[in-house]
Every structure is written in structure tokens, then in C-alpha cells.
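Beneath this line is the structure, given in C-alpha cells, with notes to follow.
Residue numbering restarts at 1 for every chain, and letters A, B, ... go by the order of the sequence lines. For the numbers below, each heavy atom of this structure counts, side chains included, while hydrogens, waters and symmetry mates do not.
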There are 2 protein chains.
Amino acid sequence: MLDRAQVLDAGDPLAVYRERFDLPEGMIYLDGNSLGCLPKATAGRLEEVLREEWGRDLIRSWNTAGWIDLPAKVGGKIAPLIGAQPHEVIVADSVSVNLFKLISAALALQSKSGRPGRKVVLSEPGNFPTDIYMIQGLESQGLATRRLAAREQLLAALDEDVALLLLTHAHYKTGELFDMVELTRAAHAAGALVLWDLSHSGGALPVDLNGCEADFAVGCGYKYLNGGPGAPAYAFVAERHLEAAQQPLSGWMGHAAPFAFSDDYTPAPGIERLLCGTPGILGLSALEVGVDLIAEIGVENLYAKSQKLSEFFRQCLAERGLDLELVSPTDPAQRGSQLSFRHEEAYAICQALIARGVIGDFRDPDILRFGFAPAYLRFADMAEAARHLAEVIESGEYRDAAFQERAAVT
Amino acid sequence: MLDRAQVLDAGDPLAVYRERFDLPEGMIYLDGNSLGCLPKATAGRLEEVLREEWGRDLIRSWNTAGWIDLPAKVGGKIAPLIGAQPHEVIVADSVSVNLFKLISAALALQSKSGRPGRKVVLSEPGNFPTDIYMIQGLESQGLATRRLAAREQLLAALDEDVALLLLTHAHYKTGELFDMVELTRAAHAAGALVLWDLSHSGGALPVDLNGCEADFAVGCGYKYLNGGPGAPAYAFVAERHLEAAQQPLSGWMGHAAPFAFSDDYTPAPGIERLLCGTPGILGLSALEVGVDLIAEIGVENLYAKSQKLSEFFRQCLAERGLDLELVSPTDPAQRGSQLSFRHEEAYAICQALIARGVIGDFRDPDILRFGFAPAYLRFADMAEAARHLAEVIESGEYRDAAFQERAAVT
């Protein structure tokens, strides 16, 4: 298998990009869907931000280094990766905070459109928790009603009470993709708006927000965009909603004229109205490096390779006679850049793999998740990871007490 | 004056700390109240976070490098600077976002205490805009009513409709201090809660949140704490409110068990319930360096020196016969670490000073503001800055067209 992998690597047009990352020695990292790797250019860029922009030019850098425009600038660079226009995307805060803004904006739009009775925000059980929790946040304010319907019941649950359909494009546990065109159309037909969470798809696979006429979207900077731990997130508002979209986190950076220091809030005319407080320049600058690199490689290329990587990984497992229960779709076109397997001992297996230098992750209660970030992974890594996984399971080494003991986090 | 300044510098016990900052050559920086200077240790710490924690250990650093505990850890280090207990303070998001959380928490507490009718959030006109705008955000949701009363009318405005008094301890324009003890007591006597914005006092002067029985507070990481541009902010909840304080930005990091991935939100038992999304580790790590340094120097020492600096600056101006209208209190004990002057041509004067390497700032419409961050400023800087200011005004050089033209920001 390793031979075959080496042939595939030799013919891989993206192989050259591995050099652009600072990768740890002797590790096979299958967790780029949780925290993307460090681009080599990031350290130099941050050094420049620290020593020159902050250290030397200080406050003037808000103008001279363009800090004040950085949220819109980096947003504009993310836009083509997700099928948006540059002025429809901005980088700000976290995914969670942006969810709150956009759920609020959707409810307000429904109310303005003469449908104040629509308060239901529809999602699915088992969606990434923060998506569901942010609906609950607005529910605690008396402004929204959470409704969760299983995937196959979603269309039926789209009734006249639904203000907003909030779904994650690629499921964080299984990688299963929603059909954005179909769901968006169905929601609109039912009078609902749609908010897509692109955390597990933006930068990993082609997304076409405007092609499917999405209303809103959010996404994560620290997974496939390689922006660093807790990188700022992005938010999308379709051009047709920009003027009317109002959100309650109306901080000074979202004001039409922040430095007029007026006592009254007037939202900025464009996507900047989604800004709230002062943007974190270190995080934004690191994110920009990751976004530039992913844009250079191209999401179409990345997705094509990730499908080949994950299929090859499955072949390697099959050839080793390992028959794990796949919870991701078998058709690679139906899933994001990941494969997830169900195993009773998923936690301990994950720990035993980590001890061998293969980093995947565990998702409660019984999911082993492997992400295939194709910008820095090789087919040889697939062959080796499959070998380790087979050996861990066949040897039973995961039954070692040290692997059984649960740590507090991740 | 320069002679006298040098004597003062020679006798200054804090003079040694100037070496701990990476300061630009030939600049007198009087804007540490807008963006604090770069500590020398920050670049090394960030290099370590990048190369070792992110680059080498990747996702495991949430445990092994303690990323997951960083918001509470850095909050705990800020706590003694503001008269709080370590478990009452957490670093998260921006000042604006934290204002939204805590105004919401206060309204919810009032409601739980059987006073749902109290919806007024009282502040003063001319408070820092974002404080006022975040009240408006909740007003747009129908959950709060904004009331602004001038400083001398605040006590009279504290009636039975007031849920929360929201004030900034040191005024961003004038530096004037509120008497936290008096205002907090009056608010409580009227059945209102109090939220203090410490953006212009935390790390600059001694604050005693628990001594004055404050309920809530927020503060800024990028001014006197030297955390870098857009550094994350901090939030305080008094211990007695921790269990009952609920806020609607209920993201996954504020959950009692984030990695259980439950569909239902249960707030963390302690101050962690104020967390929302994934914390930005680059910003937090840089902030920690700044906080450590300020804690080492000591806020009492810093405030004592800043009072001497600002008084010396005023003496220098007086000796040069410059009689500018001071809008800050003349008694240094009544103001934060700044002096602000009113001048019709404040904008152009500020620009002319910048051209001479003296960085103060302008606040609309006619305020010249000079901040005295005593960790890195010398008495000699005061003498020189006063000389430049006098020369700029006496020469009329600020009337040069280039200085008159307004830039878009700061």
C-alpha cells in the first residue's frame, strides 16, 4: 500500500504545498478539521505585525497598516471561497457570536416583512452544539423558539412559524453534507430565511452561497482556513439583505462613523454593520495568511484531493481487513473532508493512535473522526494511518488502562 | 525644565521598567490610553505559541499548553488589579460583547428578583459610545430602555425603573473619575445594579470592585494592560451573582461540559459561563504578557507616577506661558492617567504634534488628549512634549494645510 501511496503522491499536483506548512516531525495529523496546521508564512507576518505595526507605528497603524479595514479585507478574500461577493463577507468575533447576530437579524427581517409571529428557528438535533445553544440564547430572551427536527423531517418541519432554518453544511461528526440548493429553496418556499454554518466546509470544499441564494452564513477561521487557535470567524449577509439587516450587538466598530463618537447608533451602510468591538489584529493577521494560502491552492483542487485521500484511506483499511462502521456517507461527494467511524471503544482507540503519533479525534460518545486537510497530507500518510489503526485494533493495545482513562477535554 | 526632568527621572523607582518595552526611536508616545506599547517579552511568547504550541503540538495544546484554561487564568491575573477575586474575572471577546452579556445578565437578575418592570439602563451622555450603543442593542430587542442623564443628574435619575447603572470609571475624553463607592451605594439604595466600565482605569490606577460592592464590570486589554491591538477584554461578575447570572450569548465554551456536545445548554457553574465561542489564543497569550508586566510594576506605583507625570506636564506648559483650557479635573486624584485640553484647532494641533513625533490623540470635536502610561514614560518626555506643544501653538504651524485635512479615522 505504501508503494501505491508513493505513486499517488508523486502524481499529486498539490504535493508542493506541504512545504508551505510548519509541520511537526513524525506526526500524521488527521485533525485539520479541528485546528488547521501552521503556515510557514504566519510567523514572519506576525513578527512584522508585532515589531513594525504595533511596536514601531503604534496607534497610527489603524490607518497606515490598514488595521481598520482588515475585517472587510480578509472577509473579501474569504468571499470567493464560499461563493460570495467581497462586500458580503466580514471577519469578526467568533462563530457563536456571529450566529447570535445573524439569527437576530433574520428574526428582525421577518418582523419587518410583516411576519412578527414567525419566531421558530429550525435546526437538527446533533448539530454542532454552539449553533443550537445560540438559538437557546435568543430563546432565553423570549425572542426565538427553538425547534429541532431530524434531517429527514426537516422539510416537513418548515411550517408557517419558521423564521429561520439554521443548518451546518458539513456535519461536524459525520461529515454528511446538506444539499444547500434544495434546503434553501424549500425554506424560502415556506417563507423562512436560511443561515448556513460553513465551519466544516468553508476552505475545504466549493460552497456557492449566492448560487443557492442563501441569506446568511457563518464560518470558522481555525479549521480549514489555518488561521490559528481560536482565529476570528466570518459572517456573510446576502447583498439584498445588507441594508435591512440589523443586529443587536451594535458596538462602535459597526457604526457608520465610529470616530464621530456620537451618542446614537447608526449602523454602517454595508457589511461593516456586523462588527461589534475593536477587532483583534493579531488573530486577523494570522488568519489572513491562512486564507491567502488556501485561496492560492484553490478549494476545488483541495476538495478533489481530499476525496481521493479519504477513498484511499478506506481502501487501505479494507485491504487490511478492517471493517469499521462508517458513519460518514460512502459517496465522497456526499461528505466533507472527513471520515468518521463508530466504535464502542472510540475514545481509547483515539488515545492509542495519538500515542503512535496519529492525531485524529474522538467525539462523544463513540465516534472516531479523521479529517483530511489536503493542503498538507500525503497519500503515504493515509497508508500509514490505516496501518496504525489496524494494528491498534488488532493488537487490542487500546485496552491499556492509560488509553481508557478519559481526559477532561478534546 | 529638561534639567529638572532629568533629576526626577533619576529618582524615579519605575524608570527601570522602560527597558521592558520595545519603544520606537525618537517618539514621545502619549497614547498608551488608546493602544499600549509592546512589551519586549511579547514577541518571544508569541513565537513560542506559534512554533511550539500551535505548530508542533497542535490540537493537543488545548490540554497540554492549557489553552482551555487561559481565559480564566489571565482573568485571575487581572483580578487583583481591579479589586476582584480571581474566580470573578474572565477574559473573553471584546468590551462591547461583554457589555451586552452583562447588561443582559443584570436585566435577567432584576426580573428574577421580582422586578421585571425595571428595564431602564442608566448612563451618561458622552460616555464611550460603545457603552451607549450596547444599551441600544438591547433596546432594539425590546428588552431595555436607555436613559442618559448628565453626571450631576445621575443620582436624581436613579428611580424605581432603573435596572442597571452603567458608567465608565475614568471618562475616555476627560479622564474624570466617578466615585465608585458613592455611585454604587446610591444605585443599590435605589434597587439598581451597577456595571462599571474600567477600560480607562484597569491597570492604570487602583480599582476596588469588591470594596465598593460592584455587581459587574468590563475592561479593555489593549490600553493600559498592553495586550496589543484589539486584545481580548475582561469581564467581572461579583461572586454573589455568579450562580444566578445568565447571559444570552450562550456559546459552547460557556457550557458546563463543552465536550459532552449535548443538545441543551447548561451554563458553567462559575465565571466560565461568560465565555461564548472559542477563545483567540494569540490575543490571549499576548495579553497575558502585558498583564504580568503591569502586575509586577503594581497599579499603586503606576498611578502615583502618572499623577506626577501629568502634574509635571502641566507645570511645563505653565512655565512656557501656555494657557490651554483643561477639561480634565485639576486635582490629579480626580482623574485617570490622562490630561485633555479643549482647543478649536485640536485636530490640526494633534497632527502637527504627530509630525514632530509626539503622539497624542484627538477626540471629536475639539479635544486634545494626552495619556500618561507611566510604565514607559519619562519626566523628560513631559518636558519635551510640552515644548513641542508650545512651539506648535506659538508658531501657528498647525495652520499648515496638511495638518488641517481630516483623515478618516482615529
Side-chain angles (χ1 to χ4, degrees), chain A residues 22 24 29 31 34-35 38 42-43 46 50-51 54-56 58-59 62-63 67-68 93-97 100 125 129-130 132-134 136-138 140-141 143 228-230 232 246 248-252 259-263 265 276-283 286 359 363-364 407 409-410, chain B residues 22 24 29 31 34-35 38 42-43 46 50-51 54-56 58-59 62-63 67-68 93-97 100 125 129-130 132-134 136-138 140-141 143 228-230 232 246 248-252 259-263 265 276-283 286 359 363-364 407 409-410:
Chain A
D22 215 341
Y29 189 65
D31 211 3
S34 191
L35 173 63
L38 170 64
T42 305
L46 274 182
L50 283 182
R51 300 216 184 265
W54 175 13
R56 192 190 61 198
L58 282 154
I59 192 69
W62 284 104
N63 290 312
W67 288 350
I68 197 76
D93 301 309
S94 61
V95 169
S96 304
V97 169
F100 190 86
T130 222
I132 298 179
Y133 300 162
M134 297 319 288
Q136 289 190 291
L138 278 145
S140 76
Q141 294 187 301
L143 301 174
Q246 287 193 300
L249 293 173
S250 47
W252 74 308
F259 296 94
F261 297 99
S262 153
D263 276 353
Y265 184 76
C276 184
T278 308
I281 299 302
L282 304 184
I359 315 296
R363 284 294 174 255
D364 230 16
V409 290
T410 65
Chain B
D22 215 341
Y29 190 65
D31 211 4
S34 191
L35 174 63
L38 170 64
T42 305
L46 274 182
L50 283 182
R51 300 216 185 265
W54 176 12
R56 193 190 61 201
L58 282 155
I59 192 69
W62 284 104
N63 290 312
W67 287 350
I68 198 76
D93 301 308
S94 61
V95 169
S96 305
V97 170
F100 190 86
T130 222
I132 298 180
Y133 300 162
M134 297 318 289
Q136 289 189 289
L138 278 145
S140 76
Q141 294 186 301
L143 301 173
Q246 285 194 301
L249 293 173
S250 47
W252 73 309
F259 295 93
F261 296 99
S262 154
D263 276 354
Y265 184 76
C276 183
T278 308
I281 298 302
L282 304 184
I359 315 295
R363 284 294 174 256
D364 230 16
V409 291
T410 65

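Distance CH2/B:Trp54 to OG1/A:Thr42: 4.5 Å, rounded to 0.5 Å.
Of the listed residues (B:Ser96, B:Gly280, B:Ser94), the greatest number of heavy-atom pairs within a distance under 4.5 Å of chain A belongs to B:Ser96. Contact count versus chain B (heavy atoms, under 4.5 Å) is highest, among A:Ala286, A:Gly283, A:Gly251, for A:Gly251. No other option in B:Ile132, B:Asp31, B:Asp22, B:Leu249 has as many heavy-atom pairs under 4.5 Å with chain A as B:Leu249. The most heavy-atom pairs under 4.5 Å with chain A, out of B:Cys276, B:Ala43, B:Ala260, come from B:Cys276. Of the listed residues A:Tyr133, A:Trp252, A:Phe261, the one with more heavy-atom pairs under 4.5 angstrom with chain B than any other is A:Tyr133. Here A:Pro229 is the residue among A:Gly137, A:Pro229, A:Pro24 with the most heavy-atom pairs under 4.5 Å with chain B. The candidate from B:Leu282, B:Leu58, B:Leu50 with the greatest count of non-hydrogen atom pairs under 4.5 Å with chain A is B:Leu58. When A:Arg56, A:Met134, A:Arg51 are compared by the number of non-hydrogen pairs under 4.5 Å with chain B, A:Met134 comes out ahead. Considering only heavy-atom pairs separated by less than 4.5 Å from chain B, the leading option among A:Leu35, A:Asp263, A:Leu46 is A:Asp263. For the set B:Ile281, B:Val95, B:Asp93, B:Ile359, the entry with the most heavy-atom pairs within less than 4.5 Å of chain A is B:Ile281. Top candidate by heavy-atom pairs under 4.5 Å with chain B, chosen from A:Pro232, A:Ser140, A:Gly228, A:Ser34, is A:Gly228.
Inter-residue side-chain proximity for B:Phe100 and A:Val97 is flagged as unmet; no heavy-atom pair is nearer than 4.5 Å. The side-chain heavy atoms of A:Thr130 and B:Thr278, taken from C-beta on, include no pair separated by under 4.5 Å.
Heavy-atom distances place both the backbone and the side chain of A:Pro125 under 4.5 Å from chain B.
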